[in-house]
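Note that ligands are numbered from 1 as they come in the structure, with each ligand's atoms numbered from 1 the same way.
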Amino acid sequence: MDPLPLSSTLREVYRSALGAGALSEDWAQHRLPLHAGRADFIFLVAREAGEICGFAYGYTGEHGQWWTENVARSLTAAQRAEWLDPPHYEIVELHVRPAWQRRGVGSALLAQLLTRQPHDRVLLSTQTGSRKARGFYAKNGWGELASVDFGTGYPPYLVLGRRI
Ligand SMILES: CC(C)(COP(=O)(O)OP(=O)(O)OC[C@H]1O[C@@H](n2cnc3c(N)ncnc32)[C@H](O)[C@@H]1OP(=O)(O)O)[C@@H](O)C(=O)NCCC(=O)NCCS
């Protein structure tokens, strides 16, 4: 049984945005329920013409969490002091169905998440090889902070930050 009522649709959006190799099953079954219990969890869905065309979510990141510890190792001491030690929000996933991309849906989801989250600095990671995502975040005012190695099986990532 799906852990969340919408999870099969969300899994399909995730897979369609990231491609066939996306670990959508692991995400829907394990990571999303774990993340849903974290502080300040916010999950936004975009609907157009009755269809879910994208989603975004995040939570307040903390030392001790897998993502934060990997990012901490990749930042300089000064960057850690600026971005990780103060209260900060973490955007975990942001995906738009290919048929709905480049119509402003991703930017609207991102803007709404930034408006609703409680902190003055926000972090995320994206694949170094994704020109699309890097162009998207640059256009939305995000700066690239450092390369991040999440370990075996993960492609190269970049960590990005934005002050609010
Ligand atoms: C990245 C993503 C969320 C953007 O969503 P979107 O709804 O297409 O974004 P918007 O329409 O709000 O913004 C479009 C802007 O993003 C950038 N962009 C989008 N597609 C691009 C592409 N193929 N190449 C280069 N830049 C691109 C451009 O700056 C574009 O602005 P423009 O259309 O004026 O040139 C979406 O492409 C997506 O889901 N990609 C796959 C999953 C992913 O990479 N998620 C982010 C990982 S954290």
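- Residue-to-ligand polar distances place Gly104 within reach of ligand 1: an N/O pair is separated by less than 3.5 Å.
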Might you work through the ring pair (Phe, Tyr, Trp, His ring centres under 6.0 Å) test for Trp66 and Tyr154, ending with a clear yes or no?
-> CA-CA 14 Å; Trp66 175 86; Tyr154 286 86; 5.5 Å; yes
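- Checked by distance only, ligand 1 and Ala133 stay at 3.5 Å or farther apart across all their nitrogen or oxygen atoms.
- For atom 40 (N) of ligand 1, the nearest non-hydrogen atom from the set Arg97, Gln101, Lys139, Arg134 belongs to Gln101.
- Between Tyr57 and Leu32, the closest side-chain pair of non-hydrogen atoms falls below 4.5 Å.
- Proximity to Gly135 (heavy-atom distance under 4.0 Å) selects the following atoms of ligand 1: 17 (C), 29 (O).
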When you look at Asp85 and His63, which way does the side-chain contact (heavy atoms from CB on, under 4.5 Å) test go after all the steps?
-> CA-CA 8 Å; Asp85 297 342; His63 284 293; 2.9 Å; yes
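- At under 3.5 Å, a nitrogen or oxygen of Val96, whether backbone or side chain, sits near a nitrogen or oxygen of ligand 1.
- Every atom of ligand 1 with a heavy atom of Leu18 under 4.0 Å away is listed here by number and element: 42 (C).
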Report the C-alpha separation of Leu160 and Thr126 in whole Å, then their side-chain angles, then the decisive distance to 0.1 Å, and conclude whether the side-chain contact (heavy atoms from CB on, under 4.5 Å) test is met.
-> CA-CA 8 Å; Leu160 284 72; Thr126 198; 3.8 Å; yes
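- In this structure, the protein non-hydrogen atom closest to atom 45 (N) of ligand 1 is Leu94 O, 2.8 Å.
- Considering backbone and side-chain N/O atoms, Arg102 comes within less than 3.5 Å of an N/O atom of ligand 1.
- The closest approach between any non-hydrogen atom of Gly54 and ligand 1 is not below 4.0 Å.
- The N/O atoms of Arg103, backbone and side chain alike, include one that comes under 3.5 Å of an N/O atom in ligand 1.
- The ligand atoms of ligand 1 that sit less than 4.0 angstrom from a heavy atom of Thr126 are 47 (C), 48 (S).
- Between the Gln79 side chain and the Leu145 main chain, a donor and an acceptor come within less than 3.5 Å of each other.
- Shown in contact with Ser125 at under 4.0 Å from a heavy atom are these atoms of ligand 1, numbered in order with element: 48 (S).
- The nearest protein atom to atom 7 (O) of ligand 1, hydrogens excluded, is given as Gly106 N, 2.8 Å; this is a heavy-atom distance.
- Aromatic pair His35/Tyr59: ring centres closer than 6.0 Å.
- Which parts of ligand 1 touch Tyr137 is read off a 4.0 Å heavy-atom cut-off, strictly below it: atoms 46 (C), 48 (S).
- Taking only nitrogen or oxygen atoms, main chain and side chain alike, Ala17 does not reach within less than 3.5 Å of ligand 1.
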Check the pair Glu48, Arg97 against salt bridge (Lys or Arg N to Asp or Glu O under 4.0 Å), reporting the backbone distance first and the verdict last.
-> CA-CA 11 Å; Glu48 291 284 353; Arg97 280 187 200 275; over 6 Å; no
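- Once rounded to the nearest 0.5 Å, the distance linking CZ of Arg11 with CG of Asp26 reads 11.5 Å.
- Checking side-chain atoms of Thr60 against main-chain N and O of Asp40 turns up no donor-acceptor pair under 3.5 Å.
- Every atom of ligand 1 with a heavy atom of Ser107 under 4.0 Å away is listed here by number and element: 10 (P), 12 (O), 13 (O).
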